[in-house]
Trainee: 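What follows is a single structure, and I will ask about it in a moment.
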Amino acid sequence: MNQTNVLSGAKPALDARSGALLFYSEFDDPQEWEEALKAELPDLDFRVYPEVGDPADIRYVLAWKPFPGFFAPFANLELVVNLGAGIDSLAGRADLPDVPIARLSDPGMVTLMRSYVLFSVIRYARDIPAFEEAKRLRQWRYIHPRPLHRIKVGVMGLGHLGAAAAAALAEAGFDVSGWDHAPKEIAGVRCYSNSERDSFLSEVEVLVNMLPLTAETRGLIDESVFAALPQDAKFVNASRGPVVDEPALIEALQSGHLGGATLDVFWTEPLPADHPFWEMDNVLITPHLASITVPETAARDVAESIRRVGAGREPLHLVNPRRGY
Ligand code: NDP
């Protein structure tokens, strides 16, 4: 950064050798991203796939679920930013370039995820499904509300989003516990580690899954997890479908052991028309939108990562594709 920039507060410009950023996503609006990134890096050469130009110019890729072979033409790549939090679509790919891979973790994404988890848990805590049913039957059905501090909510996976969701639940007044590899420090949340799984589960009335999808977590929420929950517990899945053993979840819901589920993610998306979840009154389905990346807030981190990599430093939110998160 030169002296003028420091004094004027202007954003540091990229130099002419900084190369271009290539954007790829079937879900996100490139124009919104271009505007947000150019507010941070006015000189950024922003290109949108398939308008790549000379592949040798591409130094940075900002992409969501790029197709196999996507990276092959870009010999001068210095950074890949996954346009989202979960990197499961990149992890384990044979065609990943040997450059730092970063994820996004922007305040907008955290706020949206917090709101989804709060909504899902409060919906159960305040008996809303029962009132929706009563309305359909024209019944005035009084259910005495339970104080929130007596309702036990458990969050599995206490990373960027999981920890924020657990903290928000605690702040809202619930009795919150969390489970992760190792105990984490989160205000108002009792934290358990891997080896304490069954003690954690035995007291959870609403279980929220916030684990990333990795080789280790695939199918981790299985029959034994549902069996360890108390009768009539509820389940919320806001991370990835394959972390859950779907047939075991269906069985637990059909047997009545689980009282309900709120599901944003599934083994197959879009959820096939003949999937049993569509028929189940105690399942709320949302189409994988618990949270999204918000360009205005995420662009700051992407720009900072580009500056850092240009200066030979690590990007923000570096991930380990071999570990899977
Ligand atoms: P992070 O990568 O920040 O955190 C993951 C957490 O899970 C870490 O605390 C990690 O522990 C823990 N963990 C990983 N593997 C295990 C395991 N085998 N056993 C116990 N704990 C484990 O993820 P985020 O919180 O940011 O996001 C979670 C997931 O949410 C994302 O991976 C993504 O799939 C999903 N997501 C879903 C969205 C939606 O719209 N439905 C939107 C955005 C994200 P440690 O750090 O100790 O290793």
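Counting starts at 1 for both ligands and their atoms, following the listed order.
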Trainee: Could you check whether His275 and Glu246, counting side-chain N and O atoms only, form a donor-acceptor pair closer than 3.5 Å?
Mentor: yes
Trainee: Is there a donor-acceptor pair under 3.5 Å between the side chain of Arg123 and the backbone N or O of Asp127?
Mentor: no
Trainee: Which ligand 1 atoms, with their elements, are less than 4.0 angstrom from a heavy-atom of His288?
Mentor: 39 (C), 40 (O), 41 (N)
Trainee: Looking only at distances, can you tell me whether any N or O atom of Glu216, backbone or side chain, sits closer than 3.5 Å to an N or O atom of ligand 1?
Mentor: yes
Trainee: State if Ser105 counts as touching ligand 1 under the rule of any non-hydrogen atom under 4.0 Å.
Mentor: no
Trainee: So, does Leu158 sit close enough to ligand 1 that a heavy atom of it is under 4.0 Å from the ligand?
Mentor: yes
Trainee: Side chain, backbone, both or neither: which applies to Tyr116 and ligand 1 if a contact is any heavy-atom pair less than 4.0 Å apart?
Mentor: neither
Trainee: Heavy atom to atom 32 (O) of ligand 1, shortest distance: which of Gly241, Pro212, Ala166 holds it?
Mentor: Pro212
Trainee: Examine the side chains of Glu196 and Ser199 and answer whether a donor and an acceptor come within less than 3.5 Å of each other.
Mentor: no
Trainee: Looking only at non-hydrogen atoms, which of Arg197, Met210, Arg103, Met113 approaches atom 23 (O) of ligand 1 most closely?
Mentor: Arg103
Trainee: With heavy-atom distances below 4.0 Å as the criterion, list the atoms of ligand 1 near Thr217.
Mentor: 15 (N), 16 (C), 17 (C), 18 (N)
Trainee: Counting N and O atoms only, with roles assigned by atom type, does the side chain of Asp264 sit under 3.5 Å from a partner on the main chain of Leu289, one being a donor and the other an acceptor?
Mentor: yes
Trainee: Taking 4.0 angstrom as the limit and counting only heavy atoms of Ala238, give me the atoms of ligand 1 inside it, by number and element.
Mentor: 37 (C), 38 (C), 39 (C), 41 (N)
Trainee: Side chain, backbone, both or neither: which part of Asp264 has a heavy atom under 4.0 Å from ligand 1?
Mentor: side chain
Trainee: Under a 3.5 Å distance rule, please check whether Lys234 uses its side chain to pair with a backbone N or O of Asp232 as donor and acceptor.
Mentor: yes
Trainee: Counting the benzene-type ring for Trp, do Phe74 and Phe71 have ring centres under 6.0 Å apart?
Mentor: no
Trainee: Tell me yes or no: between the side chains of Ser224 and Arg197, is some donor less than 3.5 Å from an acceptor?
Mentor: yes
Trainee: Number the atoms of ligand 1 from 1 as they appear, then name those within less than 4.0 Å of a heavy atom of Val265, with their elements.
Mentor: 41 (N)
Trainee: Is the distance between the ring centroids of Phe70 and Tyr24 under 6.0 Å?
Mentor: yes
Trainee: Under a 3.5 Å cutoff, is there a donor and acceptor pairing between the side chains of Tyr60 and Ser305?
Mentor: no
Trainee: So which of Lys184, His181, His160 gets nearest to atom 46 (O) of ligand 1, if we judge by its closest heavy atom?
Mentor: Lys184
Trainee: Counting heavy atoms only, which of Ser193, Gly324, Ser239, Ala182 comes nearest to atom 29 (C) of ligand 1?
Mentor: Ser239
Trainee: Any N or O of Thr214 that comes nearer than 3.5 Å to an N or O of ligand 1?
Mentor: no
Trainee: Just jot down the ligand 1 atoms closer than 4.0 angstrom to any heavy atom of Gly162, in number order.
Mentor: 25 (O)
Trainee: Using a heavy-atom cut-off of under 4.0 Å, does the side chain or the backbone of Val319 touch ligand 1, or both, or neither?
Mentor: neither
Trainee: With atoms numbered from 1 as shown, which atoms in ligand 1 lie under 4.0 angstrom from a non-hydrogen atom of Ala85?
Mentor: 43 (C), 44 (C)
Trainee: Looking only at N/O atoms, are Ala290 and ligand 1 under 3.5 Å apart anywhere?
Mentor: yes
